[in-house]
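Before any comments, here is the structure.
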Amino acid sequence: MGAGVGGMIDILFFGSGVYLIYTAVMAKKNGNIVSNVMLAKSVSENRIKDKLGFIDYMYKRILLAGVMIVIASIIHLVNDYYLYSSTLTWIGIIVILAAIGIYTAAYLRGQKMYMQAQEKKDTEKKSK
């Protein structure tokens, strides 16, 4: 089978998983929120009601998603170069999709839990 483009994609997934882990750890350690991971670029940190609570909530979920993506990409790389198992390919795909689901659910729920009240206030200010 050979790795080819699949190997390159696996390396990109590995890098993105490592980046998720790094941003989660740095947020927890320093209190810095990376806007392109924890927040949309259009959302300001000022809209977060409880910054430490938000970081604590997102930390666990982003860390889990990052670890899952790293594991899946390693499985894919080993499979692409040595094992050539379609079963392992599907397991890796399922793990990555589950990680994306965890990340997306955490992102949406975190926004709802920690920014919902301010969004209503912002909307009221704009309508006046």
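The first residue of the sequence shown is numbered 1, and numbering continues consecutively from there.
- Grouping Ile, Leu, Val, Met, Phe, Trp and Tyr residues whose side-chain heavy atoms lie under 4.5 Å apart, directly or via other members, places L97 in a hydrophobic cluster with W90, I93.
- Considering NZ of K29 and OH of Y59, their distance stands at 11.5 Å, rounded to 0.5 Å.
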Exercise answer: donor-acceptor pairs, residues 50-58 side-chain atoms, under 3.5 Å, sequence neighbours excluded:
{"unit_1": "D50", "atom_1": "OD1", "unit_2": "G53", "atom_2": "N", "d": "3.1"}
{"unit_1": "K51", "atom_1": "NZ", "unit_2": "G31", "atom_2": "O", "d": "3.1"}
{"unit_1": "K51", "atom_1": "NZ", "unit_2": "E45", "atom_2": "OE1", "d": "2.8"}
{"unit_1": "D56", "atom_1": "OD1", "unit_2": "K28", "atom_2": "NZ", "d": "2.7"}

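- Placement of I94 and I91 in two distinct hydrophobic clusters is found when ILVMFWY residues are connected by side-chain heavy-atom separations under 4.5 Å, directly or transitively.
- Y107 is not listed as a side-chain neighbour of I62, based on a closest heavy-atom distance of 4.5 Å or more.
- Annotation: side chain of M38 is not in contact with side chain of T23 (no heavy-atom distance under 4.5 Å).
- Apart from Y22 itself, the hydrophobic cluster it occupies contains M26, where clustering links Ile, Leu, Val, Met, Phe, Trp and Tyr at side-chain heavy-atom distances under 4.5 Å.
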Contacts table for residues 9-21: side-chain donor-acceptor under 3.5 angstrom, sequence neighbours left out:
{"unit_1": "D10", "atom_1": "OD1", "unit_2": "H76", "atom_2": "ND1", "d": "3.3"}
{"unit_1": "S16", "atom_1": "OG", "unit_2": "L12", "atom_2": "O", "d": "3.4"}
{"unit_1": "S16", "atom_1": "OG", "unit_2": "F13", "atom_2": "O", "d": "2.8"}

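- Summarising the geometry, atom CZ belonging to R61 is positioned 7.0 Å from atom CZ belonging to R109; distances are rounded to the nearest 0.5 Å.
- Residue pairs that meet the salt bridge (Lys or Arg N to Asp or Glu O under 4.0 Å) test with at least one member in residues 86-105, sequence neighbours left out, do not exist here.
- With rounding to the nearest 0.5 Å, the separation of CG in N79 from OG1 in T89 is 4.0 Å.
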Please list every donor-acceptor pair under 3.5 Å in which a side-chain atom of residues 63-72 meets a protein atom from a residue at least two apart or in another chain.
none

Run the side-chain contact (heavy atoms from CB on, under 4.5 Å) test on L83 and L88 for me, step by step, so that the C-alpha distance in whole Å, both residues' side-chain angles and the decisive distance to 0.1 Å come before the verdict. CA-CA 9 Å; L83 304 175; L88 281 179; 3.5 Å; yes

